[in-house]
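We use all heavy atoms of the structure for the numbers below, so side chains are in, but hydrogens, waters and symmetry mates are not. In what follows, chains carry the letters A, B, and so on, assigned in the order in which the sequence lines appear, proteins first and then strands, with residues in each chain numbered from 1.
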There are 2 protein chains.
Amino acid sequence: MGPVKQILIVDDEAPIRQMIAVALEMAGFECIEADSAQLALEKIINNKPDMVLLDWMMPKMSGIELARRLRSSEQTADIPIIMLTARDDEDHKVHGLEAGIDDYITKPFSPRELVARLKSVLRRVTPRGVDNAVEVDGLILDPISHRASADGHALDLGPTEYRLLQFFMTHQDRAYSRTQLLDMVWGGNVYVEERTVDVHIRRLRKALGKRHQYLVQTVRGTGYRFSTQTQ
Amino acid sequence: MGPVKQILIVDDEAPIRQMIAVALEMAGFECIEADSAQLALEKIINNKPDMVLLDWMMPKMSGIELARRLRSSEQTADIPIIMLTARDDEDHKVHGLEAGIDDYITKPFSPRELVARLKSVLRRVTPRGVDNAVEVDGLILDPISHRASADGHALDLGPTEYRLLQFFMTHQDRAYSRTQLLDMVWGGNVYVEERTVDVHIRRLRKALGKRHQYLVQTVRGTGYRFSTQTQ
DNA sequence: TAAATTTGTGACAAAATTGTTACAGGATCA
DNA sequence: TGATCCTGTAACAATTTTGTCACAAATTTA
């Protein structure tokens with residue numbers, strides 16, 4: 001599911017850092033570590049991680065302070081932050097949310113919990129780059145400008161193909177019968193041959209080009225499915 | 001980076017308003033708040049905010065209702081609106097887009113996401129101000145002198161073409177239906193054929209000349225779009 | 001393997017959409 | 001008031017899209 005996400009772990013205690021790193025790597029993430037806020041700043045600028053796990057309490061610059069700095073710079077303002085804290089204190093939570101923290105984890109935590117929360121934040125944060133645009137493996141569809149593009153260059157879609165693609169991109173990994181597609185994409189009360197769907201599928205595939213054909217999969221005896229996973 | 005933008009937050013729940021306000025202020029925006037659509041109307045007229053963040057569900061007048069009202073008044077028609085909604089429902093999104101909503105954010109959202117979307121809309125909706133000229137690829141429209149020029153020499157535009165161009169230049173990269181254009185450019189309560197829009201589009205294109213025709217793009221089956229990007 | 005299903009493809013004519021032009025009535029302005 | 005400019009419509013032309021068909025290719029079934 002997309003490229004490997006890189007996570008920066010910031011904590012002054014080495015054992016904790018490593019425990020987290022192991023857990024994340026087992027879950028398929030790539031880790032970088034920093035033992036101080038100073039070093040973290042450097043690594044963030046150099047590596048542009050997809051997320052920062054930040055210890056609340058650290059010598060010199062505190063986690064909250066670092067978070068504030070990240071938020072205030074245009075370049076780093078978009079990087080999600082999860083705060084690790086020993087306190088269960090409500091005040092601090094509120095305070096943290098104000099600083100633009102995306103989630104909290106209270107020590108001690110289980111590796112599984114950490115991974116779950118992390119994934120949840122990534123899910124919430126990543127897919128929404130800008131607008132309501134949907135993106136799948138280089139395919140972008142933006143309902144606001146009403147445009148679709150593959151690997152940067154525009155797709156030439158007829159109205160029906162556009163609607164079909166939009167439906168698929170917002171309903172992935174599920175097989176639909178021709179009848180269902182007619183209902184959802186054409187609109188309930190039209191009478192058209194079921195085979196018409198095949199023709200439009202064909203047109204959509206053609207427009208998508210070689211590189212993205214695989215996304216529109218035929219499910220024999222049933223209908224079609226849109227998915228990044230190979231059949 | 002330009003003057004400070006003023007954002008009006010309309011939501012009946014104080015904690016949400018404040019959460020948003022803090023996030024926006026950290027991002028360098030100035031906030032006004034309103035806990036009802038009624039109050040919002042007042043504040044909009046008095047303060048002329050640069051954007052309105054609007055909760056979908058509110059007692060008395062709903063967000064969508066308020067949005068409609070803003071659109072129908074000449075003075076408030078071009079204030080960008082972002083809708084906050086708890087529903088993830090496609091239907092509502094479409095519905096909202098038609099009512100002239102500029103973007104949607106589904107609760108729960110992270111402060112960062114909110115700021116990102118907000119900036120994106122502000123970028124797209126560009127300097128809607130009364131006093132500053134807008135420029136797009138050699139096309140200049142100056143609201144003060146009420147003139148438009150392309151590559152230096154003046155354009156010969158009728159009043160309607162001028163308003164159409166102004167609307168387009170301040171609402172780039174977004175597809176509008178003929179109905180929406182009638183609402184936004186002609187003003188809500190006139191009855192004119194949809195095809196009239198096509199004729200004025202044609203006149204505008206003609207006036208723009210070969211070099212700038214490409215800016216006014218037709219979105220088949222939908223309407224028109226103004227954008228520097230090739231289709 | 002042959003027969004039967006199911007899906008892929010290209011062609012085509014009808015239908016829908018958009019571009020373009022001309023024109024009559026209003027509005028505007030000197 | 002007369003001339004000029006603008007606007008909305010209608011009519012027609014150009015273009016694009018759409019649904020079907022007929023046939024090919026692929027897959028399953030017997």
TODO: Could you please name the option among C:dG8, C:dG19, D:dG8 that lies closest to any side-chain atom of A:Arg205?
DONE: C:dG8
Task: Parallel, tilted or perpendicular: ring planes of B:Tyr176 versus B:Phe167, cut at 30 and 60 degrees - done: perpendicular
Task: Along DNA chain D (nearest heavy atom to each residue), the more 5'-positioned of A:Asp156 and A:Glu194 - done: A:Asp156
- [ ] Taking only the side-chain nitrogens and oxygens of A:Trp186, find out if one of them lies under 4.0 Å from OP1 or OP2 of D:dT18.
- [x] no
Task: Nucleotide of D:dA10, C:dT18, C:dG8 approaching B:Thr218 most closely (side-chain heavy atoms) - done: C:dT18
TODO: Rounded to the nearest angstrom, tell me the gap between atom CD in A:Glu193 and atom P in C:dA14.
DONE: 18 Å
Open item on the list: Taking the nucleotide of DNA chain D with the nearest heavy atom to each, does B:Arg195 or B:Pro159 sit closer to the 5' end?
Closed with: B:Pro159
Task: d(NZ, A:Lys206; P, D:dT17) in whole Å - done: 13 Å
Task: Nearest-angstrom distance from the residue atom CZ of B:Arg220 to P of D:dT16 - done: 7 Å
Open item on the list: Could you tell me how far apart A:Glu161 (CD) and D:dG19 (C1') are, to the nearest whole angstrom?
Closed with: 12 Å
TODO: In whole angstrom, give the distance that lies between atom CZ of B:Arg178 and atom P of C:dG19.
DONE: 7 Å
- [ ] First locate atom CG of B:Leu164, then atom CH2 of B:Trp186, and finally report the distance between them rounded to the nearest 0.5 Å.
- [x] 5.5 Å
Open item on the list: On the nucleotide D:dT20, are OP1 or OP2 found under 4.0 Å from the side-chain N or O atoms that A:Tyr191 carries?
Closed with: no
- [ ] Could you check whether A:Tyr162 gets within reach of a base, just the sugar-phosphate, or nothing at all, counting any heavy atom under 4.0 Å?
- [x] nothing
- [ ] Rounded to the nearest angstrom, tell me the gap between atom CG in B:Leu204 and atom C1' in C:dT18.
- [x] 16 Å
Task: Whole-Å distance separating the CG atom of A:Asp198 from the P atom of C:dG8 - done: 6 Å
Open item on the list: Can a side-chain donor-acceptor contact be found between A:Arg205 and A:Gln213 if the only test is distance below 3.5 angstrom?
Closed with: no
TODO: Would you tell me if any nitrogen or oxygen in the side chain of B:Tyr224 comes within less than 4.0 Å of OP1 or OP2 on C:dG19?
DONE: yes
Task: B:Leu157 CG - D:dC5 C1' separation (whole Å) - done: 14 Å
TODO: Please state whether the base of C:dG19 and the side chain of B:Arg203 form at least one donor-acceptor pair under 3.5 Å?
DONE: no
Open item on the list: Using a 6.0 Å cut-off, check whether atom CG of A:Asp156 has over 12 heavy atoms from anything other than its own residue.
Closed with: no
Task: Under 3.5 Å side-chain donor-acceptor pair for B:Ser227 and A:Arg147 - done: yes
